[in-house]
Structures are given as C-alpha cells and as structure tokens.
Amino acid sequence: MLEVSNIKKTFNAGTINEKRALNGVDLKLEDGEFVTVIGGNGAGKSTFLNAMAGVWPVDEGRIVIDGIDVTGLSEYKRAKYLGRVFQDPMTGTAADMEIIENLALADRRGKKRGLGWGVTASEKDRYYELLKELDLGLEDRMTAKVGLLSGGQRQALTLLMATLQKPNVLLLDEHTAALDPKTAAKVLETTDRIIEENHLTTLMVTHNMRDAILHGNRLIMMSEGRIILNIAGEEKKNLTVEDLLHKFEEVSGEEFTNDKAILS
Amino acid sequence: MELATLFNAMPGNIAQGLLWGIMALGVYLTFKVLNFADLTVDGSFATGGAVAVVLITGGVPAPIALMIAFFAGVVAGFATGILHTVFGIPDILAGILTQIALYSINLNIMSGSANMAVNVLKYNLVVTLREIPHTIIISLISVAVIIGLMYWYLGTAQGSALRATGNNPAMSRAQGININLMKVIALALSNGLVALAGGMVAQYQGFSDINMGRGAIVIGLAAVIIGEVIGNAIFGKKMNFVLRLSFVVVGAVIYYIVIGVVLWLNMPTNDLKLFTAIIVAIFLAIPYLKGQARSSFRKAGKGAR
Ligand SMILES: Nc1ncnc2c1ncn2[C@@H]1O[C@H](COP(=O)(O)OP(=O)(O)OP(=O)(O)O)[C@@H](O)[C@H]1O
Ligand SMILES: [Mg+2]
C-alpha cells in the first residue's frame, strides 16, 4: 500500500526562478492498484514520481510504503521498495555492461552487495527464461552489451529489471514516449502482463489519453502540482477521451494543453 | 648511437614498465572503471615510495613495508573520496587538493628531506636495478596476482556495483547502489595500488624522492590508452577483461621502451615530460579523430553546391 499525504515541493525557493512544482498531493493506493497519470506539460507528473523515488527531499508531507515511512530515506535506500522505468531508454540501464550483468545488478536491489559472484549459474537460467518471455530474442544475446540494444529492447529490459525483485510500488514515467508507436504498443503489452502476473501496485505516467483510459484500473489527472481528477471502477471503464478533456476544463477552468497528448 | 647500448638498456626499461604497470592498473580502476580523473596519484605514488623506504631503512622487512605503503595509498584515496562525496568538490579538484596535501605529508614522512636512499647492499629489497632479471620475474608475478585479484573483485556483486556506478550513476542509484561508497572504495583501492607501485619503484631505483610521482597520472594514462589502442588493434572484439587489464601493463612497458629509444636518440632528459604529454595527447586523440573520419560534417558536406 502506498500512502502519500500532502507533499509539497518548490524548486529554487527564494530566487526569481522559484517554481512550486508540487502543491499538496494526496494519494492512497491499495495493493495491486494500477493507476495511470495524465496532465499537461509541467503539471508536476514527473516531479511527483521523483518525489516518491527520493531524487531530492520533499519540503513537506509524508510518503509511506507498506507501513514504512520513506520520506527521510535517500534515493538509493528507498530503491529497495521501488521499481522504476524512465522516459529516456538510456537512463535505466548500464550501457557498457552485459544484459545479464544488468539483470543481476537489478536482482540485488535492496540487498547487500558483498564479495559473492556478480551473477550465479542459477540466476543465468532464471534470466534466460524471463528474457524469453519478452519475446525479443534477447535470451540469445545475454552477454551482449546493453548499449547495442534498440530503445524498445532497452525499455523492455529495464521493465524486467524493475520487477525482478518484486517492488512494493512500480513507477513508470512515460516509459514508452521515446518509442515508435508499434514498439510502444509492444512494451505496453509487456507492462500489462508483468503488472498483472506480479499483482504490482503501479503508477504509470503517460501523455496518451487513450492509453491512460485503456490501461490500469484507476486514472488521475494532475494540474499545477495537484491531483485534480480521480476516476476509478466502472466510471473509468466507460471513459472516453472527450469525457476526459471535458472534465479537465470543468475542474480547472481552462483548456487541456499537452502538445504531445493533443497530437496523439 | 650504438645499437648495442639500446639493447643493453632494454631489460631495464621492461622492468620499469612492469613496475609502472602496477600503477597504471590503479589508474585504470579510477579513469576507466569509475570514470573519475583522479590526480591524487601524483602524490600517493611518492607516498608509497616514502613510506616503503622509511620503513625498510628502519628495519621493517621489504614485503611488509610494501603492504603498509599500500595502506598509506588507501588512506590517500579515501581522503580524495571524502572530499568529493561528502564535501561535493569536483573530481579533478578533490584529487589536486589531496595531491598538494601529500607533498607536505611525504616530506614529513621522510623527516623533511627531499629524498632518501635505500641501499640494496644493506637491505633485503624486493626489486632492484642491480638484478634486473630477478626484478622482471618478481614484477611479472605481482602484475599477474593483481590482475587476478582485480578480475575477481570486479566480477563480484560489489565490483559489479562499482562498474555500474562508473557507467550510469542514475541507474545505479535507482538500483539501490550507494554510489558515494562505491566511489570511495574505488579511489582507495586505486591509490593503494599506486602507492604499492611507488614503493616498488623506490626500491628499484634505490631511493625515494619527493618528486618521483610528478606526472605519474600522465604516465598511467599513457599506459592505459596505449594498451587499449594496441589491444583493440590485435584482438578487436575478442578483447575480454583479463586481456584489457593485461594490455594496460603492456602499455606501460611499451611506454618505457619508447622512452628508452628516445633517450638513446639523445633527446635531452629535460624534454621527456613534453614528449610524454605529446604521446598521450596523440593517443587520446586517435579514437576521437577516427570517429570524426567516419562521420564528419566535412564529409557530409562534400558535393555541396
Ligand atoms: N529539478 C528541477 N529544478 C527546477 N524546476 C523543476 C525541476 N524539475 C521540475 N521542475 C519544474 O517543475 C514543473 C513540473 O515539471 P514536471 O517535470 O514534473 O512536469 P510533467 O508533468 O512531468 O510535464 P511533462 O509532460 O512535460 O513531462 C515544471 O515547471 C518544471 O520546469
Ligand atoms: Mg514528465
């Protein structure tokens, strides 16, 4: 379970570049809830996910994951509870290391990294099977450097890495935005499968309204550092893009602007 | 310019190259694995020499003196690591600060004198230029053991975390790696190796000198880069990690052979550092220029009207 209460974050406080990016965000997720997050450019979606990941400390509020208050934990300590996939395919993997080494690194998330082997034989077998399920032929290239993979292959691998040790919360920040539509669809399909199989509590930011409606069992919309819409259950199932745009205008009193969302 | 003089000098150059190869392996750990340009080494190399010579002349057996020299280097690297990770000082500057501090510390270790002799006739030394074949054997064994240890360590869970830290810090943090700790560990181990090499070189030449580490970083880089270029030319894609490390040492040996030839050609010793800098600049430039030749604006613009 994830409980976020009243988190606030202001960047460059006290300078002319002062920016209130999070303005009191509250959110409670039950185990296995899969929430899609939409919102205009600069609405604070990435900032919200970064706050949970501990990229920097929040100014106010609490973040509690499965009963553990992580608000005061630094990014690497908090990683124990979180799986993350980023927008840029370069961010989530070590390019100069082998596929299998990347997996083994991720497999030790939240564990002590001592002087035992970096990859064990039994782990190799397990990774082979998991890579096979991705259906990208990566199981036959386990010792290839990750830098040689395409963006889509990298995102699929990062997704696998994020979920190798079951995370308490999975954070996906526009993880298909840098991919071509066909690859994006495939990575989304894999995302759905992995979340379903492992019953993962997930937050997925997307700029594609249709994807936001199609995937997950709850949808939230952000604007100016706040959650302004929260749609779940039957209401979400029957939602259309028009409904969503309409609701946005209703709540915020302005038109929805996300150049990427309008285009897609 | 007798050819025989050159040949007679060669074994000595090879021995020196192997000893400096140990130092280059330390540089490899920071420069290549951690992606950190660490200038501490100019100081920690001399620290290793000073500690070893002071201890040996004080009656400590040479192998034990070398171990203590190693730990003195570890402390130096640790200091740079703390300056960088705890106090947020950029890598190059953190290294320079430690290096400068070490200059005073090294003088203090040698009780204020700029150099200190250790006579092979009086003490039982591990290596010496009076017995070059013996020195070559000992340094080959040392190099093999160190490469073996590095290969093992970097293959462990901790070593993998260290490599990931150098490769992608953001990803490493997201995977729960304490990247600051990894940086400190790598800097400490690297400078330990550098100081060990300093202790061996001091025994080899029969004295330690406050300036013996001046420009060591450039020699280390020269070895790493020359080794890489030659290793890739010979083995190409077949380069595995052990070969990579071995070629660092090969690079150091080649560097000292080239220096031997240059001296034989009567280049004034004063110009050696200039020569080294030019060599390193050339080898650093090769991979870049090769990339440029493959895809450059000039090429793309050919045929433009
Ligand atoms: N590290 C930072 N320093 C300063 N300002 C920041 C920082 N991170 C985000 N911001 C600002 O906070 C606001 C929210 O940014 P955020 O990246 O969360 O938006 P977003 O909802 O993810 O938008 P997009 O759809 O464009 O990705 C923006 O105005 C942004 O400029
Ligand atoms: Mg964003």
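Order of the sequence lines sets the chain letters (A, B, ...), proteins ahead of strands, with each chain counted from 1.
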Out of Gly110(A), Gly114(A), Gly92(A), which one racks up the most heavy-atom pairs below 4.5 Å with chain B? Gly114(A)

Got a sec, which pairs hit salt bridge (Lys or Arg N to Asp or Glu O under 4.0 Å) with one end in residues 18-28 of chain B, sequence neighbours left out? none

Does any backbone or side-chain atom of Ala106(A) lie under 4.5 Å from a heavy atom of chain B? Answer side chain, backbone, both or neither. both

How far apart are the C-alpha atoms of Met171(B) and Met161(A), what are their side-chain angles, what is the distance that settles it, and do they pass the side-chain contact (heavy atoms from CB on, under 4.5 Å) test? CA-CA 11 Å; Met171(B) 170 267 196; Met161(A) 287 166 62; 3.7 Å; yes

What do you reckon, is CE of Met1(A) surrounded by more than 12 foreign heavy atoms closer than 6.0 Å? yes

Take atom CZ in Phe11(A); do more than 12 heavy atoms of anything else shown fall under 6.0 Å from it? yes

Short donor-acceptor contacts under 3.5 Å linking chain B with chain A:
{"unit_1": "Gly155(B)", "atom_1": "O", "unit_2": "Gly118(A)", "atom_2": "N", "d": "2.7"}
{"unit_1": "Ala157(B)", "atom_1": "N", "unit_2": "Gly116(A)", "atom_2": "O", "d": "2.8"}
{"unit_1": "Gln158(B)", "atom_1": "N", "unit_2": "Gly114(A)", "atom_2": "O", "d": "3.0"}
{"unit_1": "Arg163(B)", "atom_1": "NH1", "unit_2": "Glu101(A)", "atom_2": "OE2", "d": "3.1"}
{"unit_1": "Arg163(B)", "atom_1": "NH2", "unit_2": "Glu101(A)", "atom_2": "OE2", "d": "3.1"}
{"unit_1": "Asn167(B)", "atom_1": "OD1", "unit_2": "Ala95(A)", "atom_2": "N", "d": "3.0"}
{"unit_1": "Asn167(B)", "atom_1": "OD1", "unit_2": "Asp96(A)", "atom_2": "N", "d": "2.8"}
{"unit_1": "Asn167(B)", "atom_1": "ND2", "unit_2": "Asp96(A)", "atom_2": "OD2", "d": "3.1"}
{"unit_1": "Asn168(B)", "atom_1": "ND2", "unit_2": "Met90(A)", "atom_2": "O", "d": "3.3"}
{"unit_1": "Asn168(B)", "atom_1": "ND2", "unit_2": "Thr91(A)", "atom_2": "O", "d": "3.0"}
{"unit_1": "Asn168(B)", "atom_1": "ND2", "unit_2": "Thr93(A)", "atom_2": "O", "d": "2.8"}
{"unit_1": "Arg173(B)", "atom_1": "NE", "unit_2": "Glu75(A)", "atom_2": "OE1", "d": "3.0"}
{"unit_1": "Gln175(B)", "atom_1": "O", "unit_2": "Arg113(A)", "atom_2": "NH2", "d": "2.6"}
{"unit_1": "Asn178(B)", "atom_1": "ND2", "unit_2": "Tyr76(A)", "atom_2": "OH", "d": "3.0"}

I'd like to know whether CZ of Phe78(B) has more than 12 heavy-atom contacts from other residues, nucleotides or ligands below 6.0 angstrom. no

State whether the number of non-hydrogen atoms from other residues, nucleotides or ligands found under 6.0 Å of Met67(B) atom CE is greater than 12. no

Might you point out which heavy atoms bring Ala79(A) and Ala174(B) nearest each other, and give the distance in Å? CB-O, 3.3 Å

